[in-house]
Amino acid sequence: MGKYYIFQDQKRCIGCYACELHCKTKNNAPEGAKLCRIVPTGPQVVKGVPRMHFVFMPCFHCEKPWCVYACPTGAMTKRSKDGIVYVKSDLCVGCKNCITACPWGVPQWNSETGKVMKCDYCMDRIDQGLQPACVTGCTTGALKFISPSEASQIKREKFAKDISPLKKQ
């Protein structure tokens with residue numbers, strides 16, 4: 001498992017797409033390419049009120065990334081020190097094998113360069129001790145850049161709170 005994880009608190013997310021905008025701007029992504037996405041779900045009726053939910057979809061930086069195995073040139077690679085999967089643009093020949101291989105649709109075609117681009121957690125920012133652009137740009141603080149173990153703990157605590165008998169009173 002990688003060293004990093006972007007956790008989304010769905011109760012805080014309002015679907016403003018600021019994360020997508022900040023990512024797109026930071027990475028100079030062309031029209032149509034999204035390195036992270038907000039996926040709206042709903043509306044669903046909750047206690048008689050229609051509600052929308054928004055799911056944040058960055059790259060998952062898989063333990064065994066199919067995009068890396070599908071790349072014939074080694075352009076799609078995984079950083080050993082922290083598990084970040086990224087594109088070495090100078091090695092990319094634009095074959096799009098990685099796009100086809102990824103079950104999540106993460107690698108994106110850059111029509112301006114004729115190469116693939118993808119979420120790399122803004123590793124240049126991480127290397128400077130900063131957080132990814134999507135996290136810093138989140139207007140409601142719904143995104144957190146943490147370790148997978150921290151994310152697991154947060155999820156367990158939220159689940160326990162949600163099912164607590166005290167909450168139902």
Side-chain angles (χ1 to χ4, degrees), residues 1-10 12-13 15-41 53-139 141-152 154-155:
M1 176 159 279
K3 184 176 175 181
Y4 303 113
Y5 182 82
I6 297 178
F7 174 81
Q8 179 200 21
D9 183 345
Q10 287 187 357
R12 294 187 68 115
C13 182
C16 69
Y17 298 90
C19 53
E20 282 187 18
L21 179 64
H22 284 270
C23 174
K24 192 171 194 66
T25 301
K26 188 267 180 211
N27 291 291
N28 198 29
E31 188 175 336
K34 292 182 180 182
L35 305 186
C36 67
R37 290 186 296 276
I38 288 290
V39 179
T41 62
H53 295 279
F54 304 92
V55 179
F56 179 71
M57 294 285 296
C59 177
F60 297 115
H61 300 276
C62 302
E63 184 68 29
K64 295 182 180 180
W66 293 6
C67 60
V68 170
Y69 297 117
C71 180
T73 65
M76 190 68 71
T77 190
K78 184 172 179 171
R79 206 159 74 160
S80 60
K81 74 177 185 177
D82 54 20
I84 293 175
V85 178
Y86 67 101
V87 180
K88 291 181 183 176
S89 187
D90 57 323
L91 296 178
C92 181
V93 295
C95 70
K96 301 182 185 178
N97 285 355
C98 57
I99 292 173
T100 304
C102 178
W104 312 109
V106 170
Q108 297 286 296
W109 181 247
N110 185 331
S111 58
E112 294 175 2
T113 64
K115 297 178 183 234
V116 170
M117 58 190 314
K118 67 171 286 302
C119 166
D120 61 9
Y121 282 162
C122 299
M123 67 183 191
D124 58 326
R125 291 177 53 88
I126 291 169
D127 292 345
Q128 296 173 40
L130 302 171
Q131 295 192 349
C134 60
V135 174
T136 59
C138 180
T139 58
L143 299 180
K144 301 211 179 311
F145 190 60
I146 56 180
S147 71
S149 61
E150 288 174 290
S152 179
I154 289 170
K155 288 177 183 180

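In what follows, residues are counted from 1 in the order of the sequence shown.
From K78, atom NZ reaches atom SG of C67 across 9.5 Å, with rounding to the nearest 0.5 Å. Taking CZ from R125 and CG from L130, the interatomic distance works out to 5.0 Å, rounded to the nearest 0.5 Å. Within the model, atoms CE of M76 and SG of C102 stand 8.5 Å from one another, a figure rounded to the nearest 0.5 Å. Rounding to the nearest 0.5 Å gives a distance of 10.5 Å between CZ of R37 and SG of C59. The OG1 atom of T77 sits 9.0 Å away from atom CG of L91, with the distance rounded to the nearest 0.5 Å.
When all heavy atoms of T139 and C16 are compared, the closest pair comes out as OG1-SG, 3.3 Å. Shown here for Q10 and F54, the closest heavy-atom pair between the two residues is CG-O, 3.7 Å. For the pair C62 and P65, the tightest heavy-atom approach, listed with the atom from each and the gap, is O-CD, 3.3 Å. Pairing each heavy atom of E20 with each of C36, the nearest pair is CG-O, 3.5 Å.
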Take W109 and S111, measure what side chain to side chain contact (heavy atoms under 4.5 Å, CB included) needs, and give me the verdict at the end. CA-CA 6 Å; W109 181 247; S111 58; 4.2 Å; yes

Apply side chain to side chain contact (heavy atoms under 4.5 Å, CB included) to the pair I6 and C134, showing each step before the final yes or no. CA-CA 9 Å; I6 297 178; C134 60; 3.7 Å; yes

Using the side chain to side chain contact (heavy atoms under 4.5 Å, CB included) rule, take V55 and M57 through it: C-alpha gap first, then chi angles, then the decisive distance, then the call. CA-CA 6 Å; V55 179; M57 294 285 296; 4.2 Å; yes

Show your working on side chain to side chain contact (heavy atoms under 4.5 Å, CB included) between V87 and D120 and close with a plain yes or no. CA-CA 8 Å; V87 180; D120 61 9; over 6 Å; no

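Between I99 and Q108 the shortest side-chain heavy-atom distance does not fall below 4.5 Å. Contact of the M117 side chain with the P30 side chain is registered, since non-hydrogen atoms from C-beta on lie closer than 4.5 Å. Between K144 and Q8, the closest side-chain pair of non-hydrogen atoms is not below 4.5 Å.
In terms of the ring-ring contact (aromatic ring centres under 6.0 Å, His included) criterion, F56 has no residue partners (sequence neighbours excluded). Listed by chain and number, the residues in a side chain to side chain donor-acceptor pair (under 3.5 Å) with T73 amount to none (sequence neighbours excluded). For C138, the side chain to side chain contact (heavy atoms under 4.5 Å, CB included) partners two or more places apart in sequence, or in a different chain, are T140, A142, L143. Partners of W104 according to the ring-ring contact (aromatic ring centres under 6.0 Å, His included) rule, which considers only residues two or more places apart in sequence or in another chain, are F60. Applying the side chain to side chain contact (heavy atoms under 4.5 Å, CB included) rule to T113 yields the partners N110, K115; only residues at least two apart in sequence or on another chain are considered. Annotation: side chain to side chain donor-acceptor pair (under 3.5 Å) contacts of Y4 (sequence neighbours excluded): none. Every residue meeting the side chain to side chain donor-acceptor pair (under 3.5 Å) condition with E150, not counting sequence neighbours, appears here in chain and number order: S147. Applying the salt bridge (charged side-chain N to carboxylate O under 4.0 Å, His left out) test to K88 and every residue at least two apart in sequence or in another chain returns nothing.
Residue pairs satisfying the ring pair (Phe, Tyr, Trp, His ring centres under 6.0 Å) criterion with at least one member in residues 65-88, sequence neighbours excluded, are absent. Listed by first and then second residue, the side-chain hydrogen bond (donor to acceptor under 3.5 Å, both in side chains) pairs involving residues 21-31 are K26-D124 (not counting sequence neighbours). Annotation: ring pair (Phe, Tyr, Trp, His ring centres under 6.0 Å) contacts involving residues 117-137, sequence neighbours excluded, comprise H61-Y121, Y121-F145. Contacts classified as side-chain hydrogen bond (donor to acceptor under 3.5 Å, both in side chains) and involving residues 126-137 (residues at least two apart or in different chains) are given here: R79-D127.
Without hydrogens or angle criteria, K118 side chain to C98 main chain gives no donor-acceptor distance under 3.5 Å.
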